[in-house]
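Only one structure is covered here, and it is reproduced in the block below.
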Amino acid sequence: MRRAVLVLVLIASTSIAYAQDEFEIQVYDADTAKLGDPGLEVHVNEHLYPQVSDAAHVTFEPHYGLRAWLELGGYFQTAMNTSGDFAYAGVKLRAKLRWPRRVWCRRIGLAINFELSDVPAQFEPNVRGTEVRPIADLRVDRWYASVNPIVDTDLRGAYAGRPQFQPSAKLGFALDDAVMLGAEAYGAYGPFDALGSEDVERVYAAVDLRGRWWDLNIGVGVNRGVADHPIAKMIFGIHPSS
């Protein structure tokens, strides 16, 4: 138990985010929506300094439990500049498959998320891409940890067809059933055939709040390895069938 927590802490401290996907800054858990249950998440991510041209990103993510083990979802992305004008910033489709929680008395969760994206070149030079996100999480008493060793592949651009390593991780401690404090870490290390050619990291201090039919994730992140500003993020989830 102690060794498992230590390993996850080390991963979280070294696998931190790139000027990463600024529309969805999230470490996934291994759960999926219940069969037949809809839901919606709203992601709001904002640069803390107004001189950044696209200072805020707002993403709407509906999802649906198609099977007890399969969740389908999508993203509709928008960006707002410093003048307050919104712009269309692309769409993504995803499918998340999970393994039943049977490992170590249901403490360990395993899942995998597949994603296909189409984003205007203004926000993503490669325009189209895919993401494969394995997910492993652990719940022990009040501790929670999740690791997402993401493999991202551009379908256009300089890295087209070359899988890239962009891991993320989360470690949290629940104060009670409604409040969890933690840290999230995101990294980008370039293509697997040139690992280390990119070395960009971001770490967030985060708070998770949970109600009967809603949840809220708030965080502020700082970065290393890229000329970027700190980013504040918020994810508000609505689960009407919960």
Open item on the list: Can a side-chain donor-acceptor contact be found between His239 and Asp215 if the only test is distance below 3.5 angstrom?
Closed with: yes

Task: Where Leu72 and Ala95 come nearest, the two heavy atoms and their spacing - done: CD2-CB, 3.7 Å

Task: Parallel, tilted or perpendicular, as decided by the 30° and 60° cut-offs, for the rings of Phe165 and Phe192 - done: tilted

Open item on the list: Within a 6.0 Å radius of atom CG on Asp176, are there more than 12 heavy atoms belonging to other residues, nucleotides or ligands?
Closed with: yes

Open item on the list: Do Glu115 and Asn113 have side chains that approach each other closer than 4.5 Å (heavy atoms only, starting at C-beta)?
Closed with: yes

Task: same_hphob_cluster(Leu116, Phe60) at 4.5 Å side-chain heavy-atom cutoff - done: no

- [ ] Could you state whether Val119 and Val132 fall into the same hydrophobic cluster, counting links through intermediate Ile, Leu, Val, Met, Phe, Trp or Tyr residues with side-chain heavy atoms under 4.5 angstrom apart?
- [x] no

- [ ] Output the distance between atom CG (Asp193) and atom OH (Tyr159), rounded to the nearest 0.5 Å.
- [x] 9.0 Å

Task: Val58-Met80 co-clustered via ILVMFWY side chain contacts under 4.5 Å - done: yes

- [ ] Indicate yes or no: does Lys170 engage Asp137 in a salt bridge with an N to O separation below 4.0 Å.
- [x] no

Open item on the list: Side chains of Ser197 and Pro191, heavy atoms from C-beta outward: is any pair under 4.5 Å?
Closed with: yes

Open item on the list: With a 4.0 Å cut-off on N to O distance, would you call Asp152 and Arg162 a salt bridge?
Closed with: no

Task: Flag side-chain contact, heavy atom, 4.5 Å: Tyr144 against Leu138 - done: no

- [ ] Step through it carefully: locate the ring centre of Phe76, locate the ring centre of Tyr88, and say whether they are under 6.0 Å apart.
- [x] yes

Open item on the list: For Arg101, I'd like to know if atom CZ has over 12 heavy atoms of other residues, nucleotides or ligands within 6.0 Å.
Closed with: yes

Open item on the list: Quick check on side-chain hydrogen bond (donor to acceptor under 3.5 Å, both in side chains): which of Arg94, Gln77, Lys92 does Glu61 satisfy it with?
Closed with: Arg94

Task: Flag, side chain of Thr78 to backbone of Ala87, donor-acceptor distance under 3.5 Å - done: no

Open item on the list: Parallel, tilted or perpendicular: which one describes the rings of His57 and Phe123, with boundaries at 30° and 60°?
Closed with: perpendicular

Task: Gap between atom CG of Leu175 and atom CE of Met180 - 0.5 Å precision - done: 10.0 Å

Open item on the list: Looking at every non-hydrogen atom in both residues, tell me the closest pair between Ala232 and Leu48 and how far apart they are.
Closed with: CB-CD2, 3.6 Å

TODO: For the residue pair Arg133 and Asn148, confirm or rule out a side-chain donor-acceptor distance under 3.5 Å.
DONE: yes

Open item on the list: Keeping Asn45 on the side-chain end and Phe23 on the backbone end, is there a donor-acceptor pair under 3.5 Å?
Closed with: yes

Task: Among Gln26, Glu22, Glu184, Glu46, side-chain hydrogen bond (donor to acceptor under 3.5 Å, both in side chains) partner for Lys233 - done: Glu184

Task: Heavy-atom pair with the smallest gap, counting every atom of Pro38 and Pro240 - done: O-CD, 3.7 Å

Open item on the list: Could you report the tightest heavy-atom contact between Thr32 and Leu70, atom names first, then the distance?
Closed with: OG1-N, 4.4 Å

- [ ] Taking the side chain as every heavy atom from C-beta outward, state whether Ile150 and Pro167 have any atom pair closer than 4.5 Å.
- [x] no

TODO: Report whether Leu110 and Leu97 are members of the same hydrophobic cluster (ILVMFWY, side-chain heavy atoms less than 4.5 Å apart, transitive linking).
DONE: no

Open item on the list: Could you tell me if Glu201 and Tyr189 have a donor-acceptor pair between their side chains, going purely by distance under 3.5 Å?
Closed with: yes

TODO: Answer yes or no: is there an ion pair linking Asp31 with Arg139, defined by an N-O contact shorter than 4.0 Å?
DONE: yes

Task: Atom of Asn223, atom of Pro230 and distance for their closest heavy-atom approach - done: OD1-N, 4.2 Å

Open item on the list: With a 4.5 Å cut-off on side-chain heavy atoms, are Leu171 and Trp143 touching?
Closed with: yes

- [ ] Over all heavy atoms of both residues, which pair between Pro120 and Ala89 is shortest? Give the atoms and the distance, please.
- [x] CD-C, 3.4 Å

- [ ] State, with a plain yes or no, whether a side-chain heavy atom of Val42 is found less than 4.5 Å away from one of Thr59.
- [x] no

TODO: Give the cluster check for Leu40 versus Leu209: same hydrophobic cluster or not, with ILVMFWY residues linked at side-chain heavy-atom distances below 4.5 Å.
DONE: yes

Open item on the list: Please identify which of these residues, Asp154, Asp118, Thr153, meets the side-chain hydrogen bond (donor to acceptor under 3.5 Å, both in side chains) condition with Arg128.
Closed with: Asp118

- [ ] Enter the distance from Ser117:OG to Asp21:CG here, rounded to the nearest 0.5 Å.
- [x] 8.5 Å

Task: Heavy-atom side-chain contact between Glu24 and Glu41 under 4.5 Å - done: no

Open item on the list: Just verifying a value: how many Å separate Leu66 CG and Lys96 NZ, rounded to the nearest 0.5 Å?
Closed with: 15.0 Å

Task: Tyr64 and Glu71: side chain donor to acceptor below 3.5 Å - done: no

Open item on the list: Let me confirm one number: the CD1-CD1 distance from Ile231 to Ile25, rounded to the nearest 0.5 Å.
Closed with: 4.5 Å

TODO: Determine yes or no for a side-chain-to-main-chain donor-acceptor pair under 3.5 angstrom, with Arg98 supplying the side chain and Ala68 the backbone.
DONE: yes

- [ ] State the CD1-NE2 distance between Ile235 and His43, to the nearest 0.5 angstrom.
- [x] 5.0 Å

